[in-house]
Amino acid sequence: VVRDIDLTVKAGECVAILGATGAGKSVLMSLVPRFFDPTAGRVLIDGIDARRLDLDDLRRNIGLVFQESFLFSNTVAANIAFGHPGATREQIERAARIAAAHDFIMELPKGYDTVLGESGSSLSGGQRQRLAIARALLLEPAILLLDDPTAAIDSETEHEIFEALDRAIAGRTTFIVAHRLSTLRRADFVIVMERGRIVQRGTHEELMRQPGPYLHVASLQLVDNR
C-alpha cells in the first residue's frame, strides 16, 4: 500500500500529510503505533526499530485524534479518561485545559460530572473534537497522530479547535493528515502522497512555488474562498 517511503521527522516537529483518498496517508500513520508492521524496511523511533519496543509502552506514548471521535453516554470526565479509567481528576483537567475545553466544560450544568447524550449530541462539533483532543493528550504523549481532525467540521467552527490544535502540537512530534490550507500552514513541513509514494515534500511556502499536486489543491481552495 505504501512504497519507497524515506521520511525523517525530528522530535517535536509537525509534519502534515496531503493526498487523495487511497493515497496511503492513514496506512503511513498506522505504522507508528504498529497497527500494521512494514513487510519491508523499518520504522525507527528514537533510532530503535518499533518492533523491538513494548507495544503497550509504545501506544501509551501516542495520542490519536480521528475525523470524528465517538463519545459515550457518560460524564465528560469519563469520556476524556476513556481508555485510561485510572486517570486522576487533575490529569483530566490538565488535558482539557491544553485542549481549550476546560472553559466550556465548566459552563455545563455539572461541569466535568455532566452526563453527555449518546455520541455527545448535546455538544457542538467543535466541542466534541476538543474533548477528543483532550482524550488524546491525557497521558501527555510524545507523539500525536491527527487524522484530518477538522474534516467533519465546517469552516466557521474550524477556528474553535485551532487553539486546541496549536496547544496540543506544541513540543510533540505530530503527524497530521489534512486537506485544508489553514491546517497545512501550521505544519513545519508537508509531504504529498500519491499511490503510496511521497511525490512532494517541503514547507507550505516552498510547495506554493512548485508546480505539482500541492499547488493544484491550494489553488482550488483559494478560488473557492474568493
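- Cluster partners of Val115, using a side-chain heavy-atom cutoff of under 4.5 Å among ILVMFWY residues and allowing indirect links: none.
- Of all non-hydrogen atoms in Ser122 and Leu116, the two that sit nearest each other are OG-CD2, 4.2 Å.
- At a threshold of 4.5 Å between non-hydrogen side-chain atoms, the residues Gln91 and Leu138 count as touching.
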Practice prompt. Starting from the C-alpha separation in whole Å, work towards a yes-or-no answer on salt bridge (Lys or Arg N to Asp or Glu O under 4.0 Å) for Arg52 and Asp49.
Written response: CA-CA 6 Å; Arg52 292 176 52 198; Asp49 190 322; over 6 Å; no
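- Within a 6.0 Å sphere centred on CZ of Arg3, other residues, nucleotides and ligands contribute more than 12 heavy atoms.
- The number of heavy atoms from other shown groups lying within 6.0 Å of CG (Asp46) does not exceed 12.
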List, one per line, each side-chain donor-acceptor pair under 3.5 Å for residues 17-29, sequence neighbours excluded.
residue : atom : partner : partner atom : Å
Lys25   : NZ   : Gly19   : O            : 3.0
Lys25   : NZ   : Ala20   : O            : 3.0
Ser26   : OG   : Asp147  : OD2          : 3.3

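- Relative ring orientation between His102 and Tyr112 is described as tilted, the plane-to-plane angle lying within the 30° to 60° band.
- A pairwise comparison of heavy atoms in Gln200 and Pro211 identifies NE2-O, 3.8 Å as the closest pair.
- The closest side-chain heavy-atom distance from Leu181 to Tyr214 is below 4.5 Å.
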Worksheet entry | Phe175 vs Ile191, side-chain contact (heavy atoms from CB on, under 4.5 Å): CA-CA, chis, key distance, verdict | CA-CA 10 Å; Phe175 297 81; Ile191 62 171; over 6 Å; no
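- Side-chain contact between Met193 and Val2 is present, with heavy atoms from C-beta onward closer than 4.5 Å.
- Contact check for Val76 versus Phe104: no side-chain heavy atoms found under the 4.5 Å cut-off.
- When every heavy atom of Leu55 is checked against every heavy atom of Pro33, the shortest pair comes out as CD1-O, 4.0 Å.
- Considering all non-hydrogen atoms of both residues, Asp4 and Arg197 come closest at OD2-NE, 2.7 Å.
- Here the shortest heavy-atom pairing between Ile45 and Leu58 reads CD1-CD1, 3.5 Å.
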Fill in: Working for side-chain contact (heavy atoms from CB on, under 4.5 Å), residues Leu31 and Ile5
CA-CA 12 Å; Leu31 293 171; Ile5 300 295; over 6 Å; no
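- Ile133 and Ala164 get closest at one heavy-atom pair: CD1-CB, 3.9 Å.
- Put simply, the side chain of Gln127 gets close to the backbone of Ser124: a donor and an acceptor are under 3.5 Å apart.
- Salt bridge Arg51/Asp37: absent, no basic N to carboxylate O contact under 4.0 Å.
- The ring of His204 has its center no closer than 6.0 angstrom to the ring center of Phe189.
- Between Glu205 and Arg209 there is no salt bridge, since no side-chain nitrogen of the basic residue lies less than 4.0 Å from a carboxylate oxygen of the acidic one.
- By the 4.0 Å N-to-carboxylate-O rule, Asp113 lies close enough to Arg89 to be salt-bridged with it.
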Quick one: side chains of residues 139-146, donor-acceptor pairs under 3.5 Å with protein atoms, not counting sequence neighbours, listed by atom name and distance.
residue : atom : partner : partner atom : Å
Glu140  : OE2  : Arg94   : NH1          : 3.1

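- The shortest side-chain heavy-atom distance between Ile80 and Leu131 falls under the 4.5 Å cut-off.
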